[in-house]
Amino acid sequence: DKAKAVEFFAKAAMEGHAGSRFNLGCFEEQKGNHDRAVRHFLISAKMGDNDSVESIKRAFMAGCATKEQYVEALKGYQD
């Protein structure tokens with residue numbers, strides 16, 4: 001059940017689980033909510049999730065994320 005999965009990912013993300021935050025970004029991306037997806041990816045990138053950095057890179061290349069967001073993700077990931 002996708003709705004239940006999103007609910008549990010949201011709870012885990014609020015507790016600081018980077019993988020769950022990444023998964024929420026993926027769900028939002030699938031629904032076409034690119035702004036929300038990028039926000040989730042930014043948060044998880046700052047928590048050290050490499051897949052999120054790559055997702056923001058793809059979003060930037062597709063025109064769905066700004067250069068500033070991509071730079072912010074890279075800086076946050078490296079810190």
Side-chain angles (χ1 to χ4, degrees):
D1 184 345
K2 202 175 204 177
K4 203 67 150 164
V6 170
E7 179 185 335
F8 286 119
F9 284 137
K11 286 180 182 180
M14 292 305 220
E15 294 294 322
H17 190 265
S20 295
R21 182 68 71 172
F22 170 75
N23 287 334
L24 288 173
C26 292
F27 282 124
E28 292 296 340
E29 192 173 50
Q30 289 171 357
K31 292 193 301 186
N33 297 332
H34 298 289
D35 289 340
R36 288 184 64 136
V38 168
R39 283 198 302 258
H40 284 300
F41 293 146
L42 268 172
I43 293 168
S44 54
K46 290 176 183 178
M47 297 167 75
D49 188 78
N50 185 55
D51 291 332
S52 295
V53 176
E54 293 300 316
S55 294
I56 291 178
K57 179 181 173 184
R58 283 194 307 274
F60 169 62
M61 292 171 68
C64 297
T66 65
K67 182 177 182 178
E68 291 77 18
Q69 288 171 317
Y70 180 47
V71 169
E72 184 180 347
L74 283 173
K75 284 175 111 177
Y77 177 73
Q78 291 170 350
D79 287 343

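Open room surrounds CD on Glu15; 12 or fewer heavy atoms of other groups in view lie less than 6.0 Å from it.
One finds the CZ atom of Arg58 at 4.0 Å from the OG atom of Ser55 (value rounded to the nearest 0.5 Å). With rounding to the nearest 0.5 Å, the separation of NE2 in His17 from NZ in Lys11 is 15.5 Å. The NE2 atom of His40 sits 5.0 Å away from atom CD of Glu28, with the distance rounded to the nearest 0.5 Å. Here the CZ atom belonging to Phe41 is positioned 12.5 Å from the CZ atom belonging to Arg36, to the nearest 0.5 angstrom. The NZ atom of Lys46 lies 13.5 Å from the CD atom of Gln78; values are rounded to the nearest 0.5 Å. The distance from atom CG of Leu24 to atom CE of Met14, rounded to the nearest 0.5 Å, is 9.0 Å.
Taking all atoms of both residues into account, the shortest heavy-atom contact from Ala65 to Val38 is CB-CG2, 4.0 Å. The two residues Ser20 and Ala13 make their nearest non-hydrogen contact at CB-N, 3.9 Å.
For Gln69, the side-chain hydrogen bond (donor to acceptor under 3.5 Å, both in side chains) partners two or more places apart in sequence, or in a different chain, are Thr66. Partners of Lys57 under the side-chain contact (heavy atoms from CB on, under 4.5 Å) rule, at least two apart in sequence or in another chain, are Glu54, Met61, Tyr70.
Residues Phe60 and Cys64 form no side-chain contact, since every pair of their non-hydrogen atoms from C-beta on lies 4.5 Å or further apart. With contacts defined as side-chain heavy-atom distances shorter than 4.5 Å, the pair Phe27/Lys2 qualifies.
In this structure, Lys75 does not pair ionically with Glu72, as no charged nitrogen and carboxylate oxygen lie closer than 4.0 Å.
When hydrophobic clusters are built by joining Ile, Leu, Val, Met, Phe, Trp and Tyr residues whose side-chain heavy atoms come closer than 4.5 Å, directly or via intermediates, Leu42 is grouped together with Leu74. A single hydrophobic cluster is seen to contain both Phe22 and Ile56, as judged by linkage of ILVMFWY side chains at heavy-atom distances under 4.5 Å, directly or through other members.
Judged purely by atom type and a 3.5 angstrom limit, Asp49 uses its side chain to pair as donor or acceptor with the backbone of Ser52.
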